[in-house]
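Note sheet for the following structure.
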Amino acid sequence: SAVSATATVRSEETKAAVIKAPKVKPAVLIIIAREKTWLRITEEQKEAFQLLMQPGERIERSALQYDIDIGNAGGVSVQYQGNIMKTLGKSGEVVHLRLP
């Protein structure tokens with residue numbers, strides 16, 4: 001009858017919507033310090049954390065989205081999804097990155 005036909009259509013629409021949803025993979029972020037650099041990193045709107053990197057230190061993170069404050073733009077090398085980002089700024093310059 002009419003009631004069960006409507007229910008069937010709805011469940012098929014739901015299945016289609018689930019299949020179409022893109023599979024979102026976390027993006028890998030690697031930061032390597034060349035100079036002493038302060039960073040504040042927020043991943044996917046979670047609690048921000050701060051760190052002070054010393055020359056030669058390297059961190060690797062995995063998240064869907066990043067907001068990064070870099071206290072010394074010339075002091076770090078940032079690699080996102082395997083691509084090294086070009087110069088972010090001068091030594092001592094403060095920059096904000098949002099990825100993606």
Side-chain angles (χ1 to χ4, degrees):
S1 65
V3 175
S4 63
T6 311
T8 307
V9 170
R10 273 211 194 99
S11 72
E12 278 171 17
E13 276 172 19
T14 309
K15 269 188 224 144
V18 171
I19 293 163
K20 279 183 201 150
K23 287 189 173 71
V24 182
K25 285 191 184 138
V28 175
L29 174 77
I30 297 170
I31 300 175
I32 300 164
R34 289 190 298 266
E35 300 169 13
K36 195 168 168 180
T37 307
W38 170 87
L39 299 167
R40 180 170 52 216
I41 303 173
T42 308
E43 298 170 346
E44 303 162 24
Q45 274 86 49
K46 291 180 189 143
E47 192 75 27
F49 65 92
Q50 299 179 42
L51 64 155
L52 185 62
M53 294 184 73
Q54 302 297 332
E57 284 187 341
R58 172 187 193 273
I59 61 163
E60 185 168 331
R61 307 292 299 178
S62 179
L64 298 175
Q65 190 212 335
Y66 304 92
D67 277 293
I68 310 162
D69 291 308
I70 301 172
N72 177 7
V76 290
S77 165
V78 177
Q79 190 176 323
Y80 179 71
Q81 289 294 62
N83 300 310
I84 293 172
M85 298 177 74
K86 297 291 173 221
T87 309
L88 303 172
K90 296 189 285 292
S91 192
E93 190 178 338
V94 177
V95 294
H96 179 80
L97 288 182
R98 170 167 275 185
L99 303 167

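As the structure is a prediction and not an experimental result, all values here were calculated from the model.
One hydrophobic cluster, built from ILVMFWY side chains closer than 4.5 Å, cannot hold both I84 and L97; they sit in different ones. Residues L64 and M85 do not share a hydrophobic cluster, clusters being chains of Ile/Leu/Val/Met/Phe/Trp/Tyr side chains in contact below 4.5 Å.
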- Please assess I31 against T37 for the test side-chain contact (heavy atoms from CB on, under 4.5 Å), listing each intermediate value before the final yes or no. CA-CA 11 Å; I31 300 175; T37 307; over 6 Å; no
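In this structure, R34 has no side-chain hydrogen bond (donor to acceptor under 3.5 Å, both in side chains) partners at least two apart in sequence or on a different chain. Remark: E57 pairs with no residue by the side-chain hydrogen bond (donor to acceptor under 3.5 Å, both in side chains) rule, at least two apart or across chains. For Q54, there are no side-chain hydrogen bond (donor to acceptor under 3.5 Å, both in side chains) partners, not counting sequence neighbours. Residues satisfying the side-chain hydrogen bond (donor to acceptor under 3.5 Å, both in side chains) criterion with E47, sequence neighbours excluded, are absent altogether.
Evaluation of the side-chain hydrogen bond (donor to acceptor under 3.5 Å, both in side chains) test over residues 72-81, restricted to residues two or more places apart or in two chains, returns E35-N72.
Taking the side chain as every heavy atom from C-beta outward, V78 and I70 approach each other to under 4.5 Å.
Partner of I68 under the side chain to side chain contact (heavy atoms under 4.5 Å, CB included) criterion, out of L29, V76, V95, T42: L29 alone.
No side-chain donor-acceptor contact under 3.5 Å links E93 to the backbone of A73.
Shortest non-hydrogen contact noted between M53 and I59 is CE-N, 4.0 Å. Contact between Y66 and R61 at its shortest, heavy atoms only, is OH-O, 3.2 Å.
The hydrophobic cluster containing I32, built from Ile/Leu/Val/Met/Phe/Trp/Tyr side-chain heavy atoms closer than 4.5 Å, also comprises V28, I30.
In this structure, CD in E43 is found 10.5 Å from CG in D67, a value given to the nearest 0.5 Å.
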